Amino acid sequence: MKRILSLLLSIVAVVGIGLVLPVTAEEDVLTSTESYITTESVTETLTTEPTTEPTTEPTTEPTTEPTTELTTQPVVALAGAPTLKSLSNANGGLVLKWTAAKNAKSYRVYRCATGEKGWTFIGKTTGYSYADKNVKSGVTYKYTVRSVNEAGHGGYDKKGITIVRLSSPDNIKYANGKDSVKVTWASVKGATGYRVYRQNPGQTNWTYIKTVKPCQYIDKNVTNGTQYRYTVKATYSKFYSGHYSDGKFLKYIATPVTQNVITYPDKLVFNWGSVKGVSFYRVYRRGVGEGWTRLADVKGTTYTDKTVKKGQKYRYTVKAFSGSFTSGYDSEGVLLKYMGVNGQNVYGKNAKYQRPGTINNPTVIKIDEDKWNLTVVNSGYRIPSDYEPDLVYVCGSGERLDRDVAVQYEKMYKAAAKEGVYLTPCSGYRSYSLQERNYNRKVQYYKNQGYTTAQAKVKAATIIMPPGSSEHNLGYAMDIVCVDEWFEDTKEFKWLQKNAANYGFIMRYPKDKQHITKVTYEPWHWRYVGVDAAKAMKSSGLTLEEYMGVKQ
């Protein structure tokens with residue numbers, strides 16, 4: 001029996017030697033190869049030895065034990081490499097996605113940031129995406145994913161996928177401005193630009209508007225009474241940030257146009273254009289060296305100020321309100337020096353002139369010294385017959401212009417000459433009497449063709465302005481090179497179209513605005529309005545009448 005027990009112990013020792021466990025690689029280190037030891041079958045032949053003992057009655061005992069059968073466990077294959085699908089910026093960080101790998105049970109995510117060497121393990125998951133919140137805006141990150149199963153660590157994409165982290169622009173604000181909505185936001189580190197989006201009530205998707213570099217956007221494509229909501233994405237090359245979409249809607253309210261002030265001995269009356277859908281208006285005043293002061297809330301479009309002092313300068317403006325929404329305001333407003341007299345009319349920069357005249361009964365205007373360069377003269381608005389500008393000769397020619405206008409014309413002439421373009425003065429200032437003779441001759445011409453006197457005056461005014469209605473009478477305009485339509489085909493005309501606004505000049509009577517100006521197309525006639533106004537009119541395509549709100 002003792003010999004049998006000894007044999008059994010020997011068998012157990014042999015089996016123990018034959019069982020070997022698999023060894024896995026270090027978990028936190030990515031390597032390109034891994035080695036594993038698998039189990040092998042161990043077969044042993046077990047035999048018995050004689051067990052006879054001297055006895056009186058010999059008996060036999062079994063001399064063999066059941067042989068233990070050893071079987072090998074199936075070998076598990078390593079999982080394949082996941083396919084990296086996408087890496088994108090989100091509001092809280094970066095989101096990595098991949099497709100499932102064959103035989104994978106879970107996945108380990110690794111990252112390498114700018115300046116780092118080698119992969120760093122950052123997390124594991126059984127899903128197919130991972131959100132990394134421990135990232136900084138402006139830093140470039142590279143990611144990869146490794147599959148894992150019972151056999152150990154599987155394959156991974158050695159190249160990885162790269163992105164520049166861009167935080168979502170926050171602190172997005174928008175407010176009504178003058179004829180626009182102004183959108184602003186906080187800058188994002190690493191961003192080279194920003195994509196602006198807008199959403200109207202009822203829309204589920206955002207509409208892309210424009211990509212800008214500064215942290216603001218002025219939206220001029222807005223309609224009074226309509227609500228809008230905005231959001232922004234930061235950009236760098238081909239990468240975009242996430243965006244916040246929980247902002248409130250803003251109702252755009254058009255800015256009231258400050259029109260004019262009429263003065264009286266003890267007060268002045270300020271008025272403005274109405275805005276559709278508003279509940280009331282708020283009036284503001286600003287004195288020299290002062291900020292805007294709120295005067296009153298009114299429901300109409302007129303305010304009477306009885307607190308003015310003679311000899312003091314005042315500027316007025318107004319805001320419109322609709323519920324909790326407010327419009328922007330005209331920072332230019334209307335400016336005047338109150339003299340305490342009856343009938344002192346002062347017009348705002350974008351005001352609508354009152355009492356437009358006609359050719360036969362024009363309105364005689366006074367030139368506003370603060371905005372002389374924006375004076376509008378046409379068939380309905382004329383300067384007095386005794387008006388005499390301060391004139392000087394220009395460019396060594398026999399033509400004259402208002403002294404301040406001449407300075408700008410000479411600058412423009414010299415700039416063009418450096419490029420081989422010569423803006424030869426053809427016809428500048430004309431006296432009231434000369435304009436009258438020219439106009440009357442044209443009236444007579446049409447009367448000879450059978451037109452009545454009234455009809456002839458209207459017809460003549462489309463070609464030669466009545467006396468006092470011509471910009472030549474002001475000394476603000478110059479006919480350049482010639483007086484013919486072929487001028488539009490010259491290099492001089494092309495130079496003026498490109499550069500004249502930089503010196504304060506506009507083509508006063510464009511071809512597509514004859515219904516506004518009431519004057520035929522004159523590519524040779526260039527009028528001084530000031531650099532800011534000229535650039536504004538060039539970019540907007542407005543004529544002087546439209547820019548100043550003047551109707552004929």
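Computed from a predicted model, the values in this text were never measured in an experiment.
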Step through the shown structure and confirm whether more than 12 heavy atoms of other residues, nucleotides or ligands are within 6.0 Å of [atom1] on [X].
X: Asn134; atom1: CG; answer: no
X: Tyr236; atom1: OH; answer: no
X: Asp512; atom1: CG; answer: yes
X: Lys97; atom1: NZ; answer: no
X: Lys189; atom1: NZ; answer: no
X: Tyr521; atom1: OH; answer: yes

In this structure, which one of Trp526, Tyr509, Tyr528 forms a side-chain contact (heavy atoms from CB on, under 4.5 Å) with Glu471?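 Of the listed options, the one satisfying the test is Tyr509.
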
Going by the side-chain contact (heavy atoms from CB on, under 4.5 Å) test, name the single residue among Val183, Val232, Val196, Thr184 that passes it with Gln216.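 The passing option is Thr184.
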
Using side-chain contact (heavy atoms from CB on, under 4.5 Å), reason through Arg285 and Arg315 one step at a time and then give a plain yes or no. CA-CA 6 Å; Arg285 186 183 75 186; Arg315 191 184 297 274; over 6 Å; no

A side-chain contact here means heavy atoms from C-beta on lying under 4.5 Å apart; do [X] and [Y] qualify?
X: Arg165; Y: Lys136; result: no
X: Tyr130; Y: Leu94; result: no
X: Lys276; Y: Asn224; result: yes
X: Ser241; Y: Pro169; result: yes
X: Phe487; Y: Val481; result: yes
X: Ile209; Y: Tyr217; result: yes
X: Arg198; Y: Asn200; result: yes
X: Pro523; Y: Met507; result: yes

What closest approach, in Å, do [X] and [Y] show between heavy atoms, and which atom pair accounts for it?
X: Pro214; Y: Trp185; answer: O-CZ2, 3.4 Å
X: Val278; Y: Val275; answer: CG2-O, 3.4 Å
X: Ala234; Y: Leu166; answer: O-CD1, 3.7 Å
X: Trp98; Y: Leu84; answer: CB-CA, 4.1 Å
X: Leu544; Y: Val376; answer: CG-CG2, 3.9 Å
X: Thr192; Y: Ser237; answer: OG1-N, 4.1 Å

Short side-chain to backbone donor-acceptor contact, [X] and [Y], under 3.5 Å:
X: Ser137; Y: Val188; result: no
X: Glu116; Y: Ala113; result: yes
X: Asn176; Y: Lys251; result: yes
X: Glu419; Y: Ala416; result: no
X: Asp157; Y: Gly160; result: yes
X: Asn373; Y: Val529; result: yes
X: Lys491; Y: Gly420; result: yes
X: Tyr107; Y: Ala101; result: yes
X: Ser180; Y: Asp219; result: no
X: Thr223; Y: Thr226; result: no

Would Arg286 pass as a cation-pi partner of Tyr314, given that its NZ or CZ must be under 6.0 Å from the six-membered ring centre and within 45 degrees of the axis?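 No.
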
Does the structure place the NZ or CZ of Arg146 under 6.0 Å from the centre of the six-membered ring of Tyr110, at an angle of no more than 45° from the ring's axis?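 No, Arg146 does not lie over the aromatic ring of Tyr110.
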
Could you give me the CA-CA distance, side-chain angles and deciding distance for Tyr174 and Tyr230, then say whether ring-ring contact (aromatic ring centres under 6.0 Å, His included) is met? CA-CA 8 Å; Tyr174 28 95; Tyr230 297 84; 5.2 Å; yes

Interatomic spacing from [atom1] in [X] to [atom2] in [Y] - rounded to 0.5 Å:
X: Lys105; Y: Ser147; atom1: NZ; atom2: OG; result: 12.0 Å
X: Ile161; Y: Leu96; atom1: CD1; atom2: CG; result: 6.5 Å
X: Leu87; Y: Ile163; atom1: CG; atom2: CD1; result: 4.0 Å
X: Ser88; Y: Tyr240; atom1: OG; atom2: OH; result: 13.5 Å
X: Thr375; Y: Glu369; atom1: OG1; atom2: CD; result: 10.5 Å
X: Thr162; Y: Tyr141; atom1: OG1; atom2: OH; result: 12.5 Å

Test ring-ring contact (aromatic ring centres under 6.0 Å, His included) applied to Trp272 and Tyr329, Tyr316, Tyr284, Tyr281, the passing residue: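 Answer to the ring-ring contact (aromatic ring centres under 6.0 Å, His included) test with Trp272 among Tyr329, Tyr316, Tyr284, Tyr281: Tyr281.
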
Taking the ring centre of each residue, are Tyr476 and Trp372 less than 6.0 Å apart?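 Yes, they do, as the ring centres are separated by less than 6.0 Å.
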
Of the options Glu522, Glu485, Glu488, which is the one that meets Lys511 in a salt bridge (Lys or Arg N to Asp or Glu O under 4.0 Å)?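 Output: one option passes, namely Glu488.
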
Which one of Arg527, Lys513, Lys518, Arg508 satisfies the salt bridge (Lys or Arg N to Asp or Glu O under 4.0 Å) criterion with Glu545?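 Going through the options one by one, the only one that passes is Arg508.
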
Distance only, no hydrogens: is a donor on one side chain within 3.5 Å (strictly under) of an acceptor on the other, for [X] and [Y]?
X: Ser168; Y: Asn91; result: yes
X: Thr211; Y: Tyr208; result: yes
X: Thr258; Y: Asp330; result: yes

Please report the C-alpha distance between Tyr303 and Phe270 in whole Å, then the side-chain angles of each, then the deciding distance to 0.1 Å, and finally whether the ring-ring contact (aromatic ring centres under 6.0 Å, His included) criterion is met. CA-CA 5 Å; Tyr303 176 75; Phe270 166 52; 7.7 Å; no

Give the intermediate values and the outcome of side-chain contact (heavy atoms from CB on, under 4.5 Å) for residues Asn502 and Met412. CA-CA 8 Å; Asn502 296 329; Met412 184 170 70; over 6 Å; no

Evaluate the criterion side-chain contact (heavy atoms from CB on, under 4.5 Å) for residue pair Leu423 and Val421; output intermediate values, then yes/no. CA-CA 7 Å; Leu423 307 178; Val421 177; 4.0 Å; yes

For Lys220, is there an ion pair with Asp179 - N to carboxylate O distance below 4.0 angstrom?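 Salt bridge between Asp179 and Lys220, a charged N being under 4.0 Å from a carboxylate O: no.
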
So His243 and Trp206, would you call those rings parallel, tilted or perpendicular, with 30° and 60° as cut-offs?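 Judged by the thresholds at 30° and 60°, the geometry between His243 and Trp206 is perpendicular.
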
Is the ring pair Trp495/Tyr503 parallel, tilted or perpendicular, if the boundaries are 30 and 60 degrees?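 Ring orientation, 0 to 90° scale: parallel.
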
